[in-house]
Amino acid sequence: ASTRRSGPQRQSGSQLQNGQQRQNGQQRQSGSQRRSGQHLQNGQQRQSGPQRRDGSQLRSIAAALDTRKGYYLAFTLLFAVTAAVSYLLLFRDGLSFTWSTDGATQHMPALLYLRDWVSRALQSLFQGSPALPTWDMSMGLGSDMIVTLSHYGLGDVLNLLALALPREQVGVAFTGIALLRLYLSGVSFSAFARHFKLRGYAVLTAALLYAFSGFSLFMVLRHPHFIGALLYLPLICLGAELVLEKRSPVLFIVSFWLMFCANFYLSYMVFVYAVGYVICRLCMRGGLTAKDVARIALKFFGCGIAAACLASPILLPTVAGVMDSSRGASGSFVPPLYKGSYYLELLPTLSTLGFAGAQCYVGVTQFGVLALFFLFLQDGRKARVLKVACVLVVASVLVPWAGHAMNGFTYAANRHSFGLVFILCGLVAWLLPRLLCASGAQLRSLGVVSAAYALGLVASAAFSIAGGDAQGNFGDLGPLL
């Protein structure tokens, strides 16, 4: 019996021993797997080390751009590099910022005359017999200086910098003031966008687009005093934002005062855009009663009257001169629509330094175009208001009657396209972080719209080539490439 019992015991013992051996083998295998997994994980960690360092560096740069000092230092450096790349070829070839037409016959002589006029006024003040002549018989058969020179920056404080250089160096002063206007326009836009706590890298991108937009690059060489609209519009909107926040209205009043003094013609357009901005901000708030709207409107009206009173020594004679000017006379023919070529050339004008006609310049590159497309994929009250605003501003460059009204009810001209530059660059500053994190569906929608835009660019380039207009063909195809 004992031998019969020991048989099964030996079998069970051998089974137990075999099971332990199998278990030990599995443990050895799992141990080797764990060791190989640890080696693989360590290798992945070693590979991801540079990636983490690169990511941390990018985050540190983005964080530095969110600070005021880091942001304006980066903007200044990038502006200097971009301006050097853009304009050094002109100086290398012995050219300047003075246009051979209006620049040589109007803008440069006007700056030289203003410099001499202010210099004589200061000399008379220091000599104890102050004199400020406002009539000059050498202008034609005699003309009012304020009315004649107000369009050329009689009250523009930046023109006073021409006094810092000798009279023979007025050309250098002319170029330096033009570049300074570009730089300050980017700074003013930066101050406006940073007020809303937007990401620094997005604001930096938008500010560079704003300072070197198609409007800026064209006007700085043709009509440099028109850059004043780009300079003062963000400051006026920022001042309006402070008024809406029940803070000091000083920035709003001073900005409008300087704009009125710099150029009454542009002040009219800036005023229209400022009113539209305030209306948009009130619509974004919602929940306002008629009493609240009336109170806000009365406050802005008082601020505007204060700015106009400060600028009245230049503003009132200028308004009177414009009303009596033959150039401002009514009766200009305004067609219901522009020519078909205008609308086809308008597509590359949005993203390049194109010239569709009617003095319409935008040129906010593909960032601005994509931001405009991406806006219509956004939801919320703010997005809805901005959609309406964009449609209205774009429509203003499509209908000649809008250009007629914005040009002081004279001939149709779209010099007010700087407002479209402002709103598109604002969209870049707001939507660029969202665009970088867009969903698959949003990217597919953007792809479809971008492909349609690209086909429009090809059609525009083909039209200009077929018409024998070689000017700007590379500019039309550049965005597509």
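Counting from 1, the numbers follow the sequence of the chain as shown. Nothing here was measured: the structure is a model prediction, and the numbers come from that model.
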Does the plane of the ring in [X] sit parallel, tilted or perpendicular to the ring in [Y]? Use 30° and 60° as the thresholds.
X      : Y      : result
Phe271 : Phe256 : tilted
Phe79  : Phe75  : tilted
His107 : His223 : perpendicular
Phe218 : Tyr361 : parallel

Distance-only donor-acceptor pairs under 3.5 Å for side chains of residues 85-96, two or more places apart:
residue : atom : partner : partner atom : Å
Ser86   : OG   : Thr82   : O            : 2.7
Ser96   : OG   : Thr98   : N            : 3.3

Sort out for me which residue in [options] forms a side-chain contact (heavy atoms from CB on, under 4.5 Å) with [X].
X      : options                        : answer
Leu350 : Val397, Leu457, Leu420, Val394 : Leu420
Leu431 : Leu370, Leu386, Leu375         : Leu375
Ser255 : Leu231, Leu233, Leu235         : Leu235
Leu238 : Phe189, Phe252, Phe192, Phe196 : Phe192

Euclidean distance, [Y] [atom2] relative to [X] [atom1], rounded to 0.5 Å:
X      : Y      : atom1 : atom2 : result
Ile253 : Cys303 : CD1   : SG    : 4.5 Å
Leu111 : Leu158 : CG    : CG    : 11.0 Å
Leu182 : Leu230 : CG    : CG    : 8.5 Å
His416 : Phe422 : NE2   : CZ    : 15.0 Å

Task: Trace of the side chain to side chain donor-acceptor pair (under 3.5 Å) decision for Tyr268 with Asn407 - done: CA-CA 9 Å; Tyr268 165 70; Asn407 200 40; over 6 Å; no
- [ ] I would like to know whether His404 and Phe409 meet ring pair (Phe, Tyr, Trp, His ring centres under 6.0 Å); could you show each step before the answer?
- [x] CA-CA 5 Å; His404 168 68; Phe409 295 95; 5.6 Å; yes
Open item on the list: Is it the case that atom NZ in Lys387 sees more than 12 heavy atoms from other parts of the structure closer than 6.0 Å?
Closed with: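 Atom NZ in Lys387 is crowded, with more than 12 foreign heavy atoms closer than 6.0 Å.
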TODO: Check whether more than 12 heavy atoms from other residues, nucleotides or ligands sit under 6.0 Å from atom CZ of Phe367, and answer yes or no.
DONE: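 12 or below, so no.
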TODO: Go through the side-chain N and O atoms of Tyr113 and Asp136 and say whether any donor and acceptor fall under 3.5 Å apart.
DONE: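 Yes.
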Open item on the list: Whether Asp102 and Arg222 form a salt bridge (side-chain N of Lys/Arg under 4.0 Å from carboxylate O of Asp/Glu) is what I want to check.
Closed with: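 Salt bridge: no.
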Open item on the list: Check this for me, if you would: do Arg181 and Asp156 make a salt bridge, where the nitrogen-to-carboxylate-oxygen distance has to be below 4.0 angstrom?
Closed with: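 Looking at Arg181 and Asp156, the cut-off is met.
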Indicate yes or no: at least one non-hydrogen side-chain atom of [X] is less than 4.5 angstrom from one of [Y].
X      : Y      : value
Phe264 : Ile314 : no
Ile146 : Thr318 : yes
Pro109 : Gln106 : no
Leu424 : Leu427 : yes
Leu432 : Leu198 : no
His225 : His151 : yes
Ile305 : Phe301 : yes
Ile423 : Cys390 : yes

TODO: Check side-chain hydrogen bond (donor to acceptor under 3.5 Å, both in side chains) between Thr365 and all other residues, then give those that pass, not counting sequence neighbours.
DONE: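 Thr365 satisfies side-chain hydrogen bond (donor to acceptor under 3.5 Å, both in side chains) with no other residue.
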Between [X] and [Y], which heavy-atom pair has the shortest distance, and what is it?
X      : Y      : answer
Met259 : Val270 : SD-CG2, 4.1 Å
Trp117 : Leu154 : CZ3-CD1, 3.5 Å
Tyr453 : Ser351 : OH-OG, 2.9 Å

- [ ] Go through the steps to decide whether Asn414 and Tyr342 satisfy the test side chain to side chain donor-acceptor pair (under 3.5 Å), and finish with yes or no.
- [x] CA-CA 12 Å; Asn414 289 327; Tyr342 170 83; 2.9 Å; yes
- [ ] Establish, yes or no, whether the cationic atom of Arg415 lies under 6.0 Å from the six-membered ring centre of Phe226 and within 45° of the ring axis.
- [x]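 So Arg415 doesn't make the cation-pi contact.
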- [ ] Quick one: do Ser188 and Tyr210 satisfy side chain to side chain donor-acceptor pair (under 3.5 Å)? Show the steps, please.
- [x] CA-CA 10 Å; Ser188 66; Tyr210 189 77; 5.5 Å; no
Open item on the list: So does Arg115 get a backbone contact from the side chain of Ser119, meaning a donor-acceptor N/O pair under 3.5 Å?
Closed with: no
Open item on the list: Between Ser190 and Tyr72, does the side chain to side chain donor-acceptor pair (under 3.5 Å) criterion hold? Intermediate values first, please.
Closed with: CA-CA 9 Å; Ser190 300; Tyr72 285 108; 5.3 Å; no
